[in-house]
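Here the structure is laid out as structure tokens; the discussion comes afterwards.
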There are 2 protein chains.
Amino acid sequence: MKPTRVTNTIRSLRFAHGEMTQAELAERVGVTRQTVIAIEQGRYSPSLEMAFQIARVFGVPLDDVFQYPETEE
Amino acid sequence: MKPTRVTNTIRSLRFAHGEMTQAELAERVGVTRQTVIAIEQGRYSPSLEMAFQIARVFGVPLDDVFQYPETEE
DNA sequence: CGGTGATGTAAAGAAAAGTAGACATGGTGT
DNA sequence: ACACCATGTCTACTTTTCTTTACATCACCG
């Protein structure tokens with residue numbers, strides 16, 4: 001399982017939105033808590049669909065949640 | 001295989017960028033031509049990582065390439 | 001006509017993402 | 001001490017994404 005290059009600010013956004021728990025975010029997005037943990041820790045990059053859903057929960061554009069660094073293979 | 005809710009403007013962007021072929025886009029993004037075809041046709045939504053790479057090839061923000069409709073479960 | 005390049009389809013399989021359940025830990029509150 | 005809750009880990013499993021190969025079609029050009 002290669003770690004993804006995509007980083008995110010989910011943890012900050014959760015706290016900025018009323019101490020939202022991982023479980024609550026998972027439920028709102030429609031995935032399991034396991035998945036939220038893995039994404040938040042950057043263990044793998046989510047599907048584009050899930051990325052959009054997460055951004056929507058926080059009411060921010062996708063780029064505010066996920067960042068992609070310069071291409072350095 | 002449920003079709004994704006995510007739509008995209010890859011085809012237009014390819015033509016807007018000097019008649020770029022699917023094969024060339026695939027090579028630039030680092031995936032196969034098959035994958036480009038499937039994404040372009042919306043048969044499934046790409047990984048967030050690939051979405052970022054495609055946007056980068058065209059030099060536009062991710063939202064210019066991919067759109068996510070209102071949540072209608 | 002024959003050849004080439006761009007696009008599309010299909011199937012098998014590998015790889016990554018996502019699920020489900022069990023269990024561990026640290027904090028907080030009673 | 002005990003219960004509770006949020007977080008995290010692990011394993012095994014299913015689903016989706018992506019690859020590889022092969023072949024079909026269409027337009028264009030010689």
Side-chain angles (χ1 to χ4, degrees), chain A residues 1-58 60 62-73, chain B residues 1-58 62-69 71-73:
Chain A
M1 332 151 178
K2 68 164 178 184
T4 182
R5 264 163 272 163
V6 177
T7 61
N8 70 83
T9 56
I10 296 181
R11 187 167 276 268
S12 317
L13 285 164
R14 279 199 300 113
F15 289 120
H17 282 252
E19 305 286 330
M20 185 187 300
T21 67
Q22 292 174 335
E24 189 182 340
L25 175 58
E27 194 209 348
R28 292 239 256 155
V29 171
V31 296
T32 63
R33 192 169 61 85
Q34 304 294 337
T35 303
V36 168
I37 292 174
I39 303 300
E40 190 168 305
Q41 293 178 344
R43 298 216 266 108
Y44 52 70
S45 75
S47 71
L48 183 57
E49 206 150 355
M50 187 192 299
F52 270 119
Q53 285 170 345
I54 291 175
R56 184 156 295 174
V57 165
F58 293 128
V60 297
L62 199 143
D63 316 65
D64 277 18
V65 186
F66 299 97
Q67 296 79 39
Y68 192 65
E70 300 306 314
T71 323
E72 29 106 356
E73 183 69 17
Chain B
M1 327 151 181
K2 69 165 176 184
T4 183
R5 263 163 272 162
V6 177
T7 62
N8 68 84
T9 56
I10 295 181
R11 186 166 276 267
S12 319
L13 285 165
R14 278 199 298 114
F15 289 121
H17 282 252
E19 305 285 330
M20 186 186 301
T21 66
Q22 292 175 336
E24 189 183 340
L25 174 58
E27 195 208 346
R28 293 240 256 154
V29 171
V31 296
T32 63
R33 191 171 62 85
Q34 301 298 332
T35 302
V36 168
I37 292 174
I39 303 300
E40 189 167 305
Q41 292 177 344
R43 297 215 267 108
Y44 52 70
S45 77
S47 70
L48 182 57
E49 207 150 353
M50 187 192 299
F52 270 119
Q53 285 169 347
I54 292 174
R56 183 156 297 175
V57 165
F58 293 128
L62 198 145
D63 315 66
D64 277 18
V65 186
F66 299 97
Q67 296 79 40
Y68 193 66
T71 324
E72 25 111 352
E73 186 78 10

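A, B, ... follow the sequence lines: proteins, then strands. Residue 1 opens every chain.
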(request) Check whether any side-chain N or O of B/Arg11 sits under 4.0 Å from OP1 or OP2 of C/dA6, and answer yes or no. (result) no
(message) Just N and O in the side chain of B/Arg14: are any of them under 4.0 Å from OP1 or OP2 of C/dT7?
(response) yes
(request) Give the nucleotide from the list D/dG8, C/dG18, C/dG21 with an atom nearest to the side chain of A/Pro46. (result) C/dG18
(request) Kindly determine whether B/Arg33 and B/Ile37 satisfy side-chain contact (heavy atoms from CB on, under 4.5 Å), including the steps that lead there. (result) CA-CA 6 Å; B/Arg33 191 171 62 85; B/Ile37 292 174; 3.6 Å; yes
(message) When you measure only distances, ignoring hydrogens and angles, does the side chain of A/Arg33 come within 3.5 Å of the base of D/dG8 through a donor and an acceptor?
(response) yes
(request) Ignoring hydrogens and angles, answer whether the base of D/dT21 and the side-chain atoms of B/Gln34 contain a donor-acceptor pair closer than 3.5 Å. (result) yes
(request) Determine the contact category for A/Thr35: base if any of its heavy atoms lies under 4.0 Å from a base atom, sugar-phosphate if only primed atoms, P, OP1 or OP2 are that close, otherwise nothing. (result) base
(message) Base, sugar-phosphate or nothing for B/Thr21? Non-hydrogen atoms, less than 4.0 Å.
(response) sugar-phosphate
(message) Between C1' on C/dT9 and CD on B/Glu40, what's the gap in Å once rounded to a whole number?
(response) 15 Å
(message) Just to verify, which of A/Arg56, A/Glu49, A/Met50 counts as forming a side chain to side chain contact (heavy atoms under 4.5 Å, CB included) with A/Val29?
(response) A/Met50
(message) Can you work out whether A/Met50 or B/Ile37 has the more 5'-proximal nearest nucleotide on DNA chain C?
(response) B/Ile37
(request) Name the residue closer to the 5' end of DNA chain D, choosing between A/Met20 and B/Gly30 according to the nucleotide with the nearest heavy atom. (result) A/Met20
(message) B/Val65 and side chain to side chain contact (heavy atoms under 4.5 Å, CB included): which single residue from B/Ile54, B/Val6, B/Val57 fits?
(response) B/Ile54
(message) Side chain of A/Phe15 only, heavy atoms from C-beta on: which candidate in D/dT7, C/dT19, C/dT7 is closest?
(response) D/dT7
(message) As a test of reading the structure: which of D/dG8, D/dC18, C/dT7 is closest to the side chain of B/Ile39, going by heavy atoms?
(response) D/dC18
(message) Between C1' on C/dA17 and CD1 on A/Ile54, what's the gap in Å once rounded to a whole number?
(response) 13 Å
(message) Under 4.0 Å from OP1 or OP2 of C/dT9: is there any side-chain N or O of B/Gln41 that close?
(response) yes
(request) Classify the nucleic acid contact of B/Gln22 as base, sugar-phosphate or nothing, counting any heavy atom under 4.0 Å across all strands shown. (result) sugar-phosphate
(request) Check whether any side-chain nitrogen or oxygen of A/Ser45 sits under 4.0 Å from OP1 or OP2 of C/dA17, and answer yes or no. (result) yes
(message) Can you confirm whether B/Leu13 sits close enough to B/Met20 that some side-chain heavy atom of one is under 4.5 Å from a side-chain heavy atom of the other?
(response) no
